[in-house]
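The next block holds one structure in the form of structure tokens; read it before the comments.
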Amino acid sequence: MAEPKVKYDRQLRIWGEQGQAALEKASICLLNCGPTGSETLKNLVLGGVGSITVVDGSQVEVGDLGNNFMVDESSVGESKAKCACAFLQELNDAVKAKFIEDCPEQLIETNPSFFSQFTLVIATQLVEDSMVKLDRICREANIILIFARSYGLMGLVRISVKEHTVIESKPDHFLDDLRLNNPWPELRRFTETIDLNTTDAVVHKHTPYIIILVKIAEEWAHTHGGNLPSTREEKRRFKDLIKSKMITMDEENYKEAMEASYKVFSPRGIGPNLQKIIDDSCIEVDSNSSDFWVMVAALKEFIANEGGGETPLEGSIPDMASSTELYVNLQKTYQAKAEADFLVVEQRVRNLLEKIGRDPASISKANIKSFSKNARKLAVCRYRLVEDEFNSPVQPELQKYMTDEDYGTAGGLYILLRAADRFAVNYNKFPGQFDSEMDEDISRLKTTAVGLLNDLGCNSSALSEDLINEMCRYGASELHAVAAFVGGVASQEVIKLITRQFILMSGTFIFNGIDNKSQLLLL
């Protein structure tokens, strides 16, 4: 057990042992192992996924040597899937790898049940028609699907899954759960034992800012009809009140209290995102409900009853200027409240499981504890079918992406990539693949793109002539630098999906290598 911990030490610090265990159980299928697919899978193999299956029916050509590091001159004429698999196994021999020499498009048509054996499918370099068909197959089999594609200097990544729930969303910026605006009885009693007017300078400058803010907030509320500061002027006066309690100007704890005073002003109760989750129709649980929704149902009961409108306390406090004794006792006060809240939530989960005819012990204590701790940060991600996006995108959004200066290039590239797929169907080649037909292809691609926009009910006048020329200049090539970036983005989302940690991309990701910009299109 020690060896894997050393091997994956850095990533274990990010997603923990539970996340790593999920990766090591995952079975991943890659369709097409060109530069984009190989770069995506490389990152996952290095991360320690359980097993990979590479599907590609092509052979290595001389042109592959310039954009795919997983093949060399000795590979020319060999199976591309076989060569990629061999290279990937060298990177991490703990990963089980196999390859299938078959055309992905053919597999999608003739053997749709093939994909049901995997945790997740990564489909790279598929054209629109195959994307739509594979998406339907994976939705019916409840298999996670992610599309990745690089095309010249542009790239696309799109997740497709009916529903993905996240407990450990780990947002970059989130307010500490300190309840300074709504302290529970035990915290109030603890702060009552501390005298801010002490003449002992050492004690005064080592009183944690949490205690300072709770006591001063209580003092303020007592003289303001039970209300906390709400206007800008009141907030300024509240900070002045904190400052007035300082004995000397070098007291870091009081400076911290002034800097953290906004935590007192934050609204009580739950945020809009969590409110949306607990109001979701899935809250009506039955024996077929997922563990997540059973726990959400229990959480809703807790908030309405024992929580008094609040979620279970997280139970951790940040570092702060404090004496060791006060900090430890304060930490214990928070941990005790968090444990008490967790036990109530756990009991409600067990009761609900019994009510819907499931084993009350079917959800582990560890999972309920993690859920309770992260209750404020839950996330639910749902994605439209790719076919729905293609046939009926959110029209106002698409029009905005085509005309807005900030989105124009990304919107144009998205439309032109789809137009290039239509072009390929009509002319049996991608635009710009042959230099001798470049001028004709530019005209044809423009006509195709205008037709696509008209079909979608959008104004085609915003389509840039320069972008059309660029798209033809790409000739459907896969540049290694772009493929590596797109593969990095795709593999990052795969890890989020498998570990069920962090927030996923919510739309169609477009990389614009011309301007070095990335944007999400919510269509």
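Nothing fancy with the numbering, it's 1 onward along the sequence.
With hydrogens and angles ignored, the 3.5 Å screen pairs no side-chain donor or acceptor of Arg158 with any backbone N or O of Ile146. Looking at Asp286, its side chain does come within 3.5 Å of a backbone N or O of Asn288 through a donor-acceptor pair. Between the side chain of Asn43 and the backbone N or O of Ser491, no donor-acceptor pair lies under 3.5 Å. Side-chain atoms of Asn32 do not come within 3.5 Å of backbone N or O of Gly34 as any donor-acceptor pair. Remark: side-chain polar atoms of Thr110 are paired, donor with acceptor, to backbone N or O of Gln106 under 3.5 angstrom. Distance alone, capped at 3.5 Å, places no donor-acceptor pair between the Ser38 side chain and the Pro35 backbone. Between the side chain of Arg139 and the main chain of Leu134, no donor-acceptor pair closer than 3.5 Å is present. Ser266 places a side-chain N or O within 3.5 Å of a backbone atom of Lys263 that can act as its donor or acceptor partner. No side-chain donor-acceptor contact under 3.5 Å links Ser150 to the backbone of Glu478. One N or O on the side chain of Asn92 and one on the backbone of Val45 form a donor-acceptor pair closer than 3.5 Å.
Atom CD of Glu163 sits in a crowded spot, with more than 12 heavy atoms from other residues, nucleotides or ligands closer than 6.0 Å. No more than 12 heavy atoms of other residues, nucleotides or ligands shown are found within 6.0 angstrom of CG on Asn142. More than 12 heavy atoms of other shown residues, nucleotides or ligands fall within 6.0 angstrom of atom CZ in Phe174. Counting non-hydrogen atoms of other residues, nucleotides and ligands closer than 6.0 Å to NZ of Lys82 gives a total of 12 or fewer. Within a 6.0 Å sphere centred on CD of Gln18, other residues, nucleotides and ligands contribute 12 heavy atoms or fewer.
Under a 4.0 Å N-O distance rule, the pair Glu168/Lys377 does not qualify as a salt bridge. Taking the charged nitrogens against the carboxylate oxygens, Glu346 and Arg350 do have a contact shorter than 4.0 Å, which makes a salt bridge. With salt bridges taken as basic N to acidic carboxylate O contacts below 4.0 Å, none links Glu105 and Lys133. Between Arg268 and Glu310 no salt bridge is recorded (no basic side-chain N to carboxylate O distance below 4.0 Å). Salt bridge present: Glu387 and Arg136 bring a charged side-chain N and a carboxylate O closer than 4.0 Å. Residues Lys369 and Glu339 are paired through a salt bridge, judged by an N-O separation under 4.0 Å between the basic side chain and the carboxylate. Between Asp280 and Arg382, at least one side-chain N (NZ, or NE/NH1/NH2) sits under 4.0 Å from a carboxylate O, which counts as a salt bridge. Salt bridge status for Glu301 with Arg348: present, with a side-chain N to carboxylate O gap under 4.0 Å. A salt bridge is absent between Asp177 and Lys373: the closest approach of a Lys/Arg side-chain nitrogen to an acidic carboxylate oxygen does not fall below 4.0 angstrom.
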(request) Given side chain to side chain donor-acceptor pair (under 3.5 Å), test Glu78 with Gln59 step by step and report yes or no. (result) CA-CA 5 Å; Glu78 297 288 324; Gln59 280 75 46; over 6 Å; no
(request) Give the intermediate values and the outcome of side chain to side chain donor-acceptor pair (under 3.5 Å) for residues Lys170 and Gln501. (result) CA-CA 7 Å; Lys170 301 181 180 178; Gln501 296 179 24; 2.7 Å; yes
(message) What verdict does the side chain to side chain contact (heavy atoms under 4.5 Å, CB included) test give for Gln117 and Thr53, after you've listed the backbone C-alpha separation in whole Å, the side-chain angles of each residue and the deciding distance to 0.1 Å?
(response) CA-CA 11 Å; Gln117 63 185 293; Thr53 300; 5.6 Å; no
(request) Give the intermediate values and the outcome of side chain to side chain contact (heavy atoms under 4.5 Å, CB included) for residues Phe292 and Arg500. (result) CA-CA 11 Å; Phe292 177 86; Arg500 289 189 173 271; over 6 Å; no
(request) Report the C-alpha separation of Thr119 and Ile28 in whole Å, then their side-chain angles, then the decisive distance to 0.1 Å, and conclude whether the side chain to side chain contact (heavy atoms under 4.5 Å, CB included) test is met. (result) CA-CA 6 Å; Thr119 308; Ile28 293 175; 5.6 Å; no
(request) Verify side chain to side chain contact (heavy atoms under 4.5 Å, CB included) between Lys42 and Leu88, making sure each step is shown before the conclusion. (result) CA-CA 6 Å; Lys42 174 202 73 179; Leu88 291 165; 4.2 Å; yes
(message) Please evaluate residues Thr36 and Arg149 with respect to the criterion side chain to side chain donor-acceptor pair (under 3.5 Å), reporting the C-alpha separation (whole Å), side-chain torsions for both, the decisive distance (0.1 Å), and the verdict.
(response) CA-CA 7 Å; Thr36 307; Arg149 190 171 181 185; over 6 Å; no
(message) Under the criterion salt bridge (charged side-chain N to carboxylate O under 4.0 Å, His left out), I'd like the reasoning laid out for Lys80 against Glu101: C-alpha separation, chi angles, the key distance, then a yes or no.
(response) CA-CA 8 Å; Lys80 195 181 288 185; Glu101 295 180 58; over 6 Å; no
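You'll find the side chain of Leu187 stays beyond 4.5 Å of the side chain of Lys337, heavy atoms only. Residues Tyr209 and Leu178 are in side-chain contact: their nearest non-hydrogen atoms beyond the backbone lie under 4.5 Å apart. In this structure, the side chains of Leu299 and Pro312 come closer than 4.5 Å at one or more pairs of heavy atoms. For the pair Ile278 and Leu274, the minimum side-chain heavy-atom distance is below 4.5 Å. Side-chain contact check for Thr409 versus Met154: every heavy-atom pair is 4.5 Å or farther apart. Looking at Leu313 and Phe342, their side chains never come closer than 4.5 Å, going by heavy atoms from C-beta outward. Under the 4.5 Å side-chain criterion, counting only non-hydrogen atoms from C-beta, Leu120 is not in contact with Ile143. Phe502 has its side chain out of reach of Ser169: every pair of non-hydrogen atoms, C-beta onward, lies at least 4.5 Å apart.
Across all non-hydrogen atoms, the minimal contact from Met295 to Ile167 is CE-CD1, 4.0 Å. Scanning both residues, Leu23 and Gly47, for their nearest heavy atoms gives CD1-O, 4.0 Å. Contact detail for Leu330 and Met320: the closest heavy-atom pair is CD2-SD, 4.5 Å. The two residues Pro112 and Ile137 come nearest to each other via the heavy atoms O-CG2, 3.4 Å. The minimum heavy-atom distance between Phe114 and Cys29, with the atom names listed, is CE2-SG, 4.0 Å.
With sequence neighbours left out, Phe190 forms a ring-ring contact (aromatic ring centres under 6.0 Å, His included) with no residue at all.
By the 30° and 60° cut-offs, the orientation of the rings of His480 relative to Phe69 is tilted.
Side chain to side chain, Asp135 and Ser160 meet the donor-acceptor criterion of an N or O pair below 3.5 Å.
Residues Phe511 and Phe485 bring their aromatic ring centres within 6.0 Å.
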